[in-house]
Novice: 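Sharing a structure with you now.
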Amino acid sequence: MSFPLLTATAALPAIGAVATAAVPAARRTAAKWLALLFSLATLVLAGIALARFEPGGDRFQLTESHAWIEDFGVRYELGVDGIGVALMALTALLIPFVILAGWHDADPLETNSSRWRPTQGFFALILMVEAMVILSFEATDVFLFYILFEAMLIPMYFLIGGFGDRAHTGSDENAAAQRSYAAVKFLLYNLVGGLVMLAAVIGLYVVAGSFSLSEIAEARANGTFSMATSTERWLFLGFFFAFAVKAPLWPLHTWLPNAMGEATAPVAVLITAVVDKVGTFAMLRFCLQLFPEASKWATPVILVLALISIVYGALLAVGQRDIKRLIAYASISHFGFIILGIFAMTSQGQSGATLYMVNHGISTAALMLVAGFLISRRGSRLIADYGGVQKVAPVLAGTFLIGGLATLSLPGLAPFVSEFLVLVGAFAAYPAVGIIATTGIVLAAIYVLVLYQRTMTGPVKAEVQGMADLKARELVVVVPLIALLLFLGVYPKPLTDIVNPAVRHTMSDVQKKDPQPEVEAAK
């Protein structure tokens with residue numbers, strides 16, 4: 001039997017989580033290095049999987065299939081298409097930077113040595129999230145995916161509620177209450193979505209007799225399986241509701257600003273750049289593949305919700321006074337673009353949506369992590385508490401600017417390619433939708449440039465007068481992310497070559513073809 005590469009890629013961070021948690025309490029530094037080494041080893045395995053993936057080959061590759069709960073037809077089935085392998089590689093890439101950026105976030109509080117922040121637990125939870133997210137991108141059994149979809153909520157709950165941002169106003173008790181509120185809200189929203197999905201998963205098994213994507217697709221191709229229209233629509237709504245909460249899509253988005261605001265900057269990256277991608281990925285993997293007719297039926301409403309997310313998220317970002325909440329609302333707007341691209345049902349839109357998932361992960365990680373470095377120096381998340389930072393910390397200000405320009409999709413940086421393809425795909429199928437969506441670009445320029453102006457330019461405030469510039473560890477975090485933004489902005493072909501074949505399969509699932517441009521006959 002060939003080496004189970006996909007299992008190993010997900011199992012390695014899980015083993016690392018256990019090993020990190022088992023490090024003696026006094027060996028905090030050893031726990032950090034152990035977690036970093038396991039994350040780097042996982043990145044190597046993900047890179048091998050990416051290298052072994054053949055874009056022109058079978059739809060699902062590196063497959064594994066083993067009996068699991070035979071009485072209920074549940075199998076341990078794994079496989080990746082171009083979309084899954086790209087997001088798996090993104091996750092493995094970001095986790096080492098998350099660990100490095102959060103190197104001191106769980107150290108004991110210096111102001112009160114009796115208060116212990118379990119460093120080992122912090123890094124073990126990060127690795128456990130990585131393991132579950134990677135396995136969710138690989139799962140081709142619906143029940144297996146559901147278990148991972150729900151299980152990843154547990155470590156995320158503890159990361160948000162137990163390791164909150166130290167930069168806060170008010171008493172420690174008030175800060176703890178805010179963290180607890182954000183963590184509970186995150187858990188309840190996503191748990192409700194998961195319970196609705198569970199009902200739909202059970203319904204799918206009742207009508208299909210299997211949880212396996214490959215078996216259901218084969219039965220549908222052979223004409224031995226079909227769903228009544230009403231049944232397919234109800235099941236679609238159950239799956240989509242859960243994915244829309246995770247994504248997050250308006251009006252199910254309100255947990256995200258609280259969670260990102262109260263979490264540490266690395267955990268905020270984990271939320272929006274890693275975990276939330278499971279929701280949009282699942283829309284492509286499960287909604288469109290399992291329920292093609294229902295997906296087309298729901299498209300008009302979903303496009304409206306996506307447009308609201310784009311404009312609403314951007315407008316609220318413009319009015320934010322908190323740096324991290326501004327980035328959170330910007331992410332809501334960006335997820336609106338991703339969902340717009342998916343349900344535009346064009347190859348350009350879906351390719352753009354997949355690229356957006358990858359590029360948004362990189363750009364948001366860059367911006368949020370630099371913002372975290374900034375906040376840790378000043379001890380405040382409020383925009384008004386900054387000013388003139390570029391004069392005392394020019395490298396920090398410069399990297400912050402590049403992350404911000406990537407967020408507004410400046411040409412030459414990776415998100416521009418994604419946003420351009422999404423808008424082209426939307427214009428081709430729904431011109432009015434494409435026109436409205438472009439307002440998100442204008443608003444993005446406003447909130448990013450105003451943020452930079454208020455924090456980095458102008459007179460140097462007394463509180464930032466002695467602010468230190470980025471240190472070596474922080475540069476190791478930021479520089480590779482910026483290099484990737486530049487490389488994929490100028491040369492996205494390596495990523496599009498992997499993604500496009502998977503998009504063609506998805507377009508075939510929903511039996512859609514790209515609209516042909518109308519060309520007037522020559523007179």
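Just the heavy atoms: all of them, side chains too, but no hydrogens, waters or symmetry mates, feed the values below. Numbering starts at 1 and runs along the sequence shown.
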Novice: Closest heavy-atom contact between L252 and A244?
Specialist: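 For L252 and A244, the tightest heavy-atom pair comes out as CD1-CB, 3.9 Å.
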Novice: Between R378 and Y386 (side chain of the first, backbone of the second, donor and acceptor by atom type, cut-off under 3.5 Å), is there such a pair?
Specialist: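 Side chain of R378 to backbone of Y386, a donor-acceptor pair under 3.5 Å: no, none is there.
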Novice: Answer yes or no: are there more than 12 heavy-atom neighbours, outside R454 itself, under 6.0 Å from its atom CZ?
Specialist: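 No, CZ of R454 has 12 or fewer neighbouring heavy atoms, counting only those of other groups under 6.0 Å.
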Novice: Just do the side chain to side chain contact (heavy atoms under 4.5 Å, CB included) check on I383 and L326 with the steps written out, would you?
Specialist: CA-CA 10 Å; I383 297 172; L326 184 152; 4.1 Å; yes
Novice: Indicate yes or no: at least one non-hydrogen side-chain atom of L423 is less than 4.5 angstrom from one of T438.
Specialist: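 When only atoms from C-beta onward are counted, T438 and L423 do touch, with a gap below 4.5 Å.
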Novice: Does W103 have more than 12 heavy atoms from other residues, nucleotides or ligands lying within 6.0 Å of its CH2?
Specialist: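 Enclosed: over 12 neighbouring heavy atoms sit under 6.0 Å from CH2 of W103.
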Novice: Using every non-hydrogen atom in the two residues, find where M128 and A17 come nearest and quote the distance to one decimal.
Specialist: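 Minimum heavy-atom contact is CE-CB, 3.7 Å.
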Novice: Taking C-beta and beyond as the side chain, do V192 and V245 meet within less than 4.5 Å on heavy atoms?
Specialist: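 No, their side chains stay 4.5 Å or more apart.
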Novice: Within the distance-only criterion (no hydrogens, no angle test), does the side chain of E150 pair as donor or acceptor with the backbone N or O of I147 below 3.5 angstrom?
Specialist: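 Not a single qualifying donor-acceptor pair exists.
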Novice: Between F400 and Y452, how do the two ring planes meet: parallel, tilted or perpendicular, split at 30° and 60°?
Specialist: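 The arrangement is parallel - the two ring planes meet at less than 30°.
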Novice: Please report the closest heavy-atom contact between Q120 and P24, naming both atoms and the distance.
Specialist: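 Smallest interatomic distance, heavy atoms only, reads NE2-O, 2.7 Å.
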Novice: Less than 3.5 Å apart, any donor N or O on the side chain of E262 or Y181 sitting next to an acceptor on the other?
Specialist: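 Not at all, the side chains of E262 and Y181 share no donor-acceptor pair under 3.5 Å.
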Novice: Are T457 and Q390 packed together at the side-chain level, in the sense that at least one heavy-atom pair is separated by less than 4.5 angstrom?
Specialist: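 Side-chain contact under 4.5 Å: yes.
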Novice: What pairs with F123 under ring-ring contact (aromatic ring centres under 6.0 Å, His included), at least two apart in sequence or on another chain?
Specialist: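 Expected list: none.
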Novice: For the OH atom on Y312, are there more than 12 heavy atoms of other groups (residues, nucleotides or ligands in this structure) within a distance under 6.0 Å?
Specialist: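 Atom OH in Y312 is packed in, count exceeds 12.
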Novice: Can you confirm whether the side chains of E419 and Y356 place a donor and an acceptor under 3.5 Å from each other?
Specialist: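 A donor-acceptor contact under 3.5 Å links the two side chains.
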Novice: Apply side chain to side chain contact (heavy atoms under 4.5 Å, CB included) to the pair M357 and L284, showing each step before the final yes or no.
Specialist: CA-CA 12 Å; M357 287 187 240; L284 283 164; 3.7 Å; yes
Novice: Return each pair, listed once, that meets side-chain hydrogen bond (donor to acceptor under 3.5 Å, both in side chains) where at least one residue sits in residues 241-256; pairs must be two or more places apart or across chains.
Specialist: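 Output for this query lists Y189-T254.
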Novice: Using only atom types and a distance under 3.5 Å, with no angle test, would you say the side chain of D322 pairs donor to acceptor with the backbone of L382?
Specialist: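 Not at all, since once roles are kept as given, no pair shorter than 3.5 Å links the two residues.
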Novice: Would you say that N258 contacts R325 through its side chain, given a criterion of any heavy-atom pair below 4.5 Å between the two side chains?
Specialist: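 They are in side-chain contact.
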Novice: Are any side-chain N or O atoms of S333 and backbone N or O atoms of G313, one a donor and one an acceptor, separated by less than 3.5 Å?
Specialist: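 Flag not set: sc S333 to bb G313 has no pair under 3.5 Å.
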Novice: Starting from the C-alpha separation in whole Å, work towards a yes-or-no answer on side chain to side chain contact (heavy atoms under 4.5 Å, CB included) for V433 and L340.
Specialist: CA-CA 9 Å; V433 170; L340 173 64; 3.3 Å; yes
Novice: Where the side chain of K461 meets the backbone of A384, is there a donor-acceptor pair that is under 3.5 Å apart?
Specialist: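 Answer holds: yes.
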Novice: Looking only at atom types and distance, does a side-chain atom of Y447 sit under 3.5 Å from a main-chain N or O of Y329, one as donor and one as acceptor?
Specialist: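 Looks like no, no N/O pair under 3.5 Å.
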Novice: Please determine whether ring pair (Phe, Tyr, Trp, His ring centres under 6.0 Å) holds for the pair F186 and Y157, giving the CA-CA distance in whole Å, both sets of side-chain angles, and the decisive distance to 0.1 Å.
Specialist: CA-CA 7 Å; F186 162 82; Y157 169 80; 8.0 Å; no
Novice: Is any side-chain heavy atom of P13 closer than 4.5 Å to one of I95?
Specialist: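 No, their side chains stay 4.5 Å or more apart.
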Novice: For V269 and A365, which heavy atoms make the closest approach, and how far apart are they?
Specialist: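 So the minimum-distance heavy-atom pair works out to CG1-CB, 3.8 Å.
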Novice: Looking at R381, is its backbone amide N or carbonyl O close enough to the side chain of K324 to form a donor-acceptor pair, meaning the two atoms are under 3.5 Å apart?
Specialist: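 No, the answer is negative, given that no donor and acceptor are paired below the 3.5 Å cut-off.
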Novice: Side chain of T364, backbone of G361: donor and acceptor closer than 3.5 Å?
Specialist: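 A pair under 3.5 Å: no.
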Novice: A quick test of your reading: do over 12 heavy atoms of other residues, nucleotides or ligands sit less than 6.0 Å from CZ of R473?
Specialist: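 Correct, the count exceeds 12.
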Novice: I need the minimum non-hydrogen distance between A101 and V477, along with the two atoms involved.
Specialist: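 Result for this residue pair: N-CG2, 3.9 Å.
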Novice: For F243, run the ring pair (Phe, Tyr, Trp, His ring centres under 6.0 Å) check against F149, Y146, F281, F335 and tell me which one passes.
Specialist: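 Answer to the ring pair (Phe, Tyr, Trp, His ring centres under 6.0 Å) test with F243 among F149, Y146, F281, F335: F149.
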Novice: Please determine whether side chain to side chain contact (heavy atoms under 4.5 Å, CB included) holds for the pair I134 and E130, giving the CA-CA distance in whole Å, both sets of side-chain angles, and the decisive distance to 0.1 Å.
Specialist: CA-CA 6 Å; I134 287 177; E130 178 183 21; 3.7 Å; yes
Novice: What's the shortest heavy-atom distance between A317 and A330, and which atoms?
Specialist: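 Heavy atoms of A317 and A330 come nearest at CB-N, 4.1 Å.
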Novice: With a 4.5 Å heavy-atom cut-off, do E138 and T9 have their side chains touching?
Specialist: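 Side-chain contact under 4.5 Å: yes.
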Novice: Kindly indicate whether the side chain of F145, heavy atoms from C-beta on, has any atom under 4.5 Å from the side chain of S136.
Specialist: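 They are in side-chain contact.
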Novice: Which is it for F343 and F240 under the ring pair (Phe, Tyr, Trp, His ring centres under 6.0 Å) test, yes or no, and what are the steps along the way?
Specialist: CA-CA 12 Å; F343 284 91; F240 181 80; 5.8 Å; yes
Novice: Under a 3.5 Å distance rule, please check whether S351 uses its side chain to pair with a backbone N or O of Q348 as donor and acceptor.
Specialist: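 Looks like no, no N/O pair under 3.5 Å.
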Novice: Tell me whether D469 contacts the main-chain N or O of V395 through its side chain, where contact means a donor paired with an acceptor under 3.5 Å.
Specialist: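 Yes, because the side chain of D469 sits within donor-acceptor range (under 3.5 Å) of the backbone of V395.
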Novice: Which one of L94, I99, L93 satisfies the side-chain contact (heavy atoms from CB on, under 4.5 Å) criterion with S39?
Specialist: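 Of the listed options, the one satisfying the test is I99.
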Novice: Report the C-alpha distance between E463 and R377 in whole Å, list the side-chain angles of each, state the deciding distance to 0.1 Å, and finish with yes or no for salt bridge (charged side-chain N to carboxylate O under 4.0 Å, His left out).
Specialist: CA-CA 10 Å; E463 294 82 1; R377 284 160 166 75; over 6 Å; no
